[in-house]
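Heads up, the thing below is written out as structure tokens.
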Amino acid sequence: MNGRIGVWFIGARGSVATTTVVGALAIGAGAAGRTGCVADLPGPDAAGAPDISDLVFGGHDVTATTLPKRAEALAQAGVVPAHLPAAVVDGLADVDARIRHGVLADHGPQRASADRIEADLREFRSANELDRVVVIDISSTEPPLSAAATAATASPDALEAALDGPVPVLPASCLYAYAAFRAGCAYVGFTPSPGPRPDAIAALAATRGLPWAGSDGKTGETLLKSALAPMFATRALRVRSWSSVNLLGGGDGETLADPANADSKTASKAHGLPQMLGHAVDGPLHIDYVPDMGDAKTAWDHISFEGFLGTRMTLQFTWAGIDSALAAPLVLDLARLVARAHEAGEAGPLPALGFFFKDPAGTDEHRLAAQWDALVAWCARLGSTTGGTGVTP
């Protein structure tokens with residue numbers, strides 16, 4: 001059961017991918033622990049997911065900086081321990097040799113781009129004798145779908161016509177998801193980019209019998225919101241406003257400095273609060289780029305709420321973290337659990353993995369405790385299932 005599992009990153013030389021690979025190699029060498037890895041906790045461990053040591057990494061990226069160099073830069077910035085890049089440099093070089101040049105949505109015919117991605121994925125699986133492959137999008141956040149892209153992904157026929165058209169219409173995340181499903185790979189949308197969610201692409205996953213999960217990894221402020229908001233609701237305390245300010249640097253911060261890209265992220269971050277509170281709530285949500293912060297991020301939230309007899313009160317919190325270190329163990333968890341779901345024959349969105357996402361596919365449940373219960377129950381079911389081969393031609 002399980003076998004060798006390929007993990008193919010979109011954005012394979014970015015901070016999250018590099019931190020993930022450094023961590024996986026260090027864990028495999030016995031040089032690091034598994035802090036933050038949910039799949040190894042009692043409950044989720046019942047799924048029988050493949051071990052971190054069974055993962056083989058590759059990916060696409062549009063940058064040329066090698067993984068060993070990226071790891072050195074992250075060590076200098078304090079994102080990973082200073083000694084680790086040198087300790088795993090050979091493994092990083094091996095992974096870097098499996099990284100292929102990525103595609104840009106507005107460069108060249110989109111059919112040719114999708115075909116090249118698919119060919120790269122099939123070659124990765126064949127050359128490394130992998131039992132299955134999970135594609136994980138950890139690239140820069142894209143704007144919401146344009147009207148043209150929405151129309152192009154409304155049906156399978158429209159999608160195929162758009163791919164053959166002379167004008168690029170689809171965002172890169174949709175090209176990658178389409179190619180992944182064509183290649184028989186499971187998929188994880190770790191960003192708020194559209195990826196596998198448009199109707200025609202989700203239908204392709206269902207037709208091919210492939211599982212996918214998303215969207216937008218829940219690593220910091222929204223994680224805390226998903227624990228705190230149900231507290232107010234279950235204690236019958238009425239939240240009047242919930243204001244959030246997010247400060248971040250690095251490539252993610254620079255991407256989100258573009259208002260069009262920020263629209264996807266703010267919509268994802270705000271999606272669950274009304275459902276958890278049981279009513280709409282006022283309050284701005286800001287994301288501001290501060291280059292000096294590098295890979296660090298800080299969120300400050302101000303919550304105004306009303307208690308017995310209308311008494312007004314407030315709660316404030318500050319969350320300060322290192323984005324890549326928060327995301328990397330979740331990326332490993334999702335690779336392992338989605339690979340196990342593929343092996344067990346599951347297809348379509350995996351709502352039980354909503355525990356990991358701000359905008360979970362297949363469910364409107366955002367309460368952290370309820371998401372945990374759903375994850376544990378699903379893992380128990382997976383553990384009793386053998387399923388098929390998990391390989392789609």
CA sep, side-chain torsions, deciding dist, call: R70, T66, side chain to side chain contact (heavy atoms under 4.5 Å, CB included):
CA-CA 6 Å; R70 287 290 294 129; T66 66; over 6 Å; no
Taking atom types as modelled, find out whether D51 and S53 have a side-chain donor-acceptor pair closer than 3.5 angstrom.
yes
With V16 as partner, the option from D295, I136, I138, V21 fulfilling side chain to side chain contact (heavy atoms under 4.5 Å, CB included) is I138
Do T153 and L145 come within less than 4.5 Å of each other through their side chains, counting heavy atoms only?
yes
Side chain proximity check, E343 to D131, heavy atoms < 4.5 angstrom:
no
Under 3.5 Å donor-acceptor, R111 side chain and E160 backbone:
yes
Suppose we screen for side-chain hydrogen bond (donor to acceptor under 3.5 Å, both in side chains). Which residues come up paired with H60, at least two apart in sequence or across chains?
W8, D120
Please check if any side-chain donor atom of Y176 sits under 3.5 Å from a side-chain acceptor atom of E118, or the reverse.
no
Would S15 and L74 count as a side chain to side chain contact (heavy atoms under 4.5 Å, CB included) if you check the C-alpha gap in whole Å, the side-chain angles of each, and the deciding distance to 0.1 Å?
CA-CA 7 Å; S15 296; L74 290 175; 3.8 Å; yes
Do the side-chain N and O atoms of T63 and T65 include a donor-acceptor pair separated by under 3.5 angstrom?
no
Counting C-beta onward and ignoring hydrogens, is there a side-chain heavy-atom pair between L210 and Y187 closer than 4.5 Å?
no
Could you grab the distance from atom CG of L337 to atom CG of L332, nearest 0.5 Å is fine?
10.5 Å
For S139, all residues meeting side chain to side chain contact (heavy atoms under 4.5 Å, CB included), sequence neighbours excluded
I10, D137
Minimum-distance pair of heavy atoms, taken over all atoms of D301 and S244
OD2-OG, 3.0 Å
Interatomic distance, OG1@T219 vs CG@L330, rounded to 0.5 Å, equals 7.0 Å
